[in-house]
There are 2 protein chains.
Amino acid sequence: MSLRYAVLGLLARRPSTGYELTQTFDRSLRSSWHARHSQIYPELAKLEAAALVEVVGLGARRSKTYAVTAAGRAELRRWLVEVEPDRSQRSESGLRLFLTPLLDPDDRQATYERDLAHVELELAALGEVQAGMQNAPEPEAFAPQVELGIRMNTVLRDWLREQIKASAT
Amino acid sequence: MSLRYAVLGLLARRPSTGYELTQTFDRSLRSSWHARHSQIYPELAKLEAAALVEVVGLGARRSKTYAVTAAGRAELRRWLVEVEPDRSQRSESGLRLFLTPLLDPDDRQATYERDLAHVELELAALGEVQAGMQNAPEPEAFAPQVELGIRMNTVLRDWLREQIKASAT
DNA sequence: AAATGACATGTCAAGACGTACATGTCTCAG
DNA sequence: CTGAGACATGTACGTCTTGACATGTCATTT
């Protein structure tokens with residue numbers, strides 16, 4: 001059911017078209033919940049049928065802009081506050097990291113270096129988000145979340161560097 | 001396809017029964033890949049059909065102990081080293097954290113406190129794993145992975161404490 | 001000797017998800 | 001004025017995952 005609340009949550013931040021949501025899933029949400037447009041459009045239709053979102057405008061190229069309704073906001077709040085979180089994760093990267101000690105030193109080194117390159121890109125991207133945040137419409141509310149992302153990736157980067165250095169001996 | 005390699009990887013660490021794998025998925029792997037027994041048993045059957053694992057012993061209560069074959073080890077190595085990782089994540093907790101700024105201060109405080117309680121339990125559990133690691137059969141290989149888990153959760157704990165303190169003002 | 005509860009393996013139906021297919025619109029370069 | 005490419009929405013089929021159902025074993029307690 002998380003997809004439903006991910007969509008509801010993004011629309012609560014700002015009304016959007018399905019296309020825009022797809023891009024947001026790829027950008028801001030890539031590190032917590034991933035979804036394709038083939039899932040997003042049907043979910044929007046279901047949410048509209050349930051009166052949790054509504055079409056608030058038609059744009060160019062047949063685009064429809066959706067916004068949450070009052071009922072949608074209430075449902076989102078209920079889920080965030082009252083529903084017990086499912087803490088289980090699905091992260092291929094995490095699984096790979098967990099299994100890496102099974103590799104012999106050369107292979108291990110190579111995969112750690114691949115990961116390090118990726119984490120550094122991630123950190124650069126988050127740095128830009130943080131820098132570009134002053135001129136956002138509703139600015140400061142999400143700053144701590146970006147900061148958390150940076151701290152997490154920094155820990156991972158440092159750990160990877162240590163592993164690479166340690167096995168280079 | 002990750003499930004397949006998760007199973008293969010756990011069996012590469014040590015031969016196990018399906019039941020034991022289920023428990024390991026709940027314990028060690030809960031923070032990277034989650035699976036139920038209803039997925040694990042069929043996957044073991046498929047892996048056996050593909051000759052990537054084999055039954056190496058029958059135990060009490062009809063239990064079967066599986067171990068990876070040479071082909072299984074090679075396939076696991078191939079996946080870890082040569083297949084481009086899928087970096088997309090699915091973490092309900094991450095999604096919740098991302099959406100929390102939408103809540104009003106009281107609700108936000110409550111959810112952060114719920115998360116903090118959980119992270120502290122997690123840290124305690126990881127601390128025990130780390131402490132009990134000296135007397136493990138193959139001891140030190142996975143120590144850095146445990147250490148990473150502790151660091152990640154520590155960052156999250158500190159961040160949550162900051163958020164709670166900041167909005168208590 | 002029977003009940004209880006942990007151990008242990010399996011299947012099935014429904015729902016979630018990804019890949020590929022399909023269609024149409026608007027802008028801009030050439 | 002035409003073709004390329006981004007914009008925009010949708011569907012279909014197959015696979016992955018969950019939750020519920022189903023069955024049987026072994027050790028301990030009563």
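Proteins come first, then strands; the chains are lettered A, B, ... in the order of their sequence lines, and each starts at number 1.
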Residues passing the side-chain hydrogen bond (donor to acceptor under 3.5 Å, both in side chains) test with B/Glu75, sequence neighbours excluded, are B/Tyr5, B/Arg78

C/dA6 C1' sits how many Å from B/Gln23 CD, rounded?
-> 10 Å

If only side-chain N and O atoms of A/Tyr41 are considered, is one of them under 4.0 Å from the OP1 or OP2 phosphate oxygen of D/dT9?
-> yes

Provide, to the nearest angstrom, the distance between the OH atom belonging to B/Tyr19 and the P atom belonging to C/dA6.
-> 9 Å

Only pairs at least two apart or in different chains count here, so list each side-chain hydrogen bond (donor to acceptor under 3.5 Å, both in side chains) that has a residue in residues 60-73 of chain A.
-> none

Using a 3.5 Å cut-off and no angle test, enumerate the donor-acceptor pairs between side-chain atoms of residues 40-49 of chain A and protein atoms at least two apart in sequence or in another chain.
residue	atom	partner	partner atom	Å
A/Tyr41	OH	A/Tyr19	N	3.4
A/Glu43	OE2	A/Arg4	NE	3.4

Which residue pairs satisfy the salt bridge (Lys or Arg N to Asp or Glu O under 4.0 Å) criterion with at least one member in residues 145-169 of chain B, sequence neighbours excluded?
-> A/Arg151-B/Glu162, A/Glu162-B/Arg151, B/Glu120-B/Arg161, B/Glu147-B/Arg151

In whole angstroms, the gap separating P of C/dA16 from OH of A/Tyr5 amounts to 11 Å

Qualifying residues under salt bridge (Lys or Arg N to Asp or Glu O under 4.0 Å), relative to B/Arg30, sequence neighbours excluded | B/Glu122

Write down the atom of A/Leu76, the atom of A/Ala12, and the distance for their closest heavy-atom approach.
-> CD2-CB, 3.9 Å

In whole angstroms, the gap separating C1' of D/dT9 from CG of A/Leu58 amounts to 13 Å

Set of residues satisfying side chain to side chain contact (heavy atoms under 4.5 Å, CB included) with respect to A/Ser2, sequence neighbours excluded | A/Trp33, A/Trp79, B/Glu92, B/Leu95

Hey, does B/Thr22 reach any base, or is it just sugar-phosphate, or nothing, if we go heavy atoms under 4.0 Å?
-> nothing

Rounded off to whole Å, could you give me the CD-to-P distance for the A/Glu92 and C/dG18 pair?
-> 12 Å

Under 3.5 Å, which protein N or O atoms sit close to an N or O of nucleotides 26-28 of chain D? Give each pair with its distance.
residue	atom	partner	partner atom	Å
D/dC26	O4'	B/Arg61	NE	3.4

side-chain contact (heavy atoms from CB on, under 4.5 Å) assessment of B/Met133 paired with B/Phe142 = CA-CA 9 Å; B/Met133 216 138 164; B/Phe142 292 91; 3.9 Å; yes

Rounded to whole angstrom units, what separation is found between the CD atom of A/Glu48 and the P atom of D/dT9?
-> 12 Å

Could you state the CD-P distance from A/Glu43 to D/dT9, rounded to the nearest angstrom?
-> 16 Å

Give the rounded distance in Å between these two atoms: OH of A/Tyr66 and C1' of D/dG10.
-> 11 Å

Which atom pairs, one a donor and one an acceptor, fall under 3.5 Å between side chains of residues 81-89 of chain B and the rest of the protein, sequence neighbours left out?
residue	atom	partner	partner atom	Å
B/Glu82	OE2	B/Arg77	NH1	3.0
B/Asp86	OD1	B/Ser88	N	3.0
B/Asp86	OD1	B/Ser88	OG	2.8
B/Asp86	OD2	B/Ser88	OG	3.4
B/Arg87	NH1	A/Asp115	OD1	3.1
B/Arg87	NH2	A/Asp115	OD1	3.4
B/Gln89	NE2	A/Ser91	OG	3.2

What string of B, S and - do you get for nucleotides 12-21 of chain D, 5' to 3', when a contact is any protein heavy atom under 4.0 Å?
-> B---SSBBB-

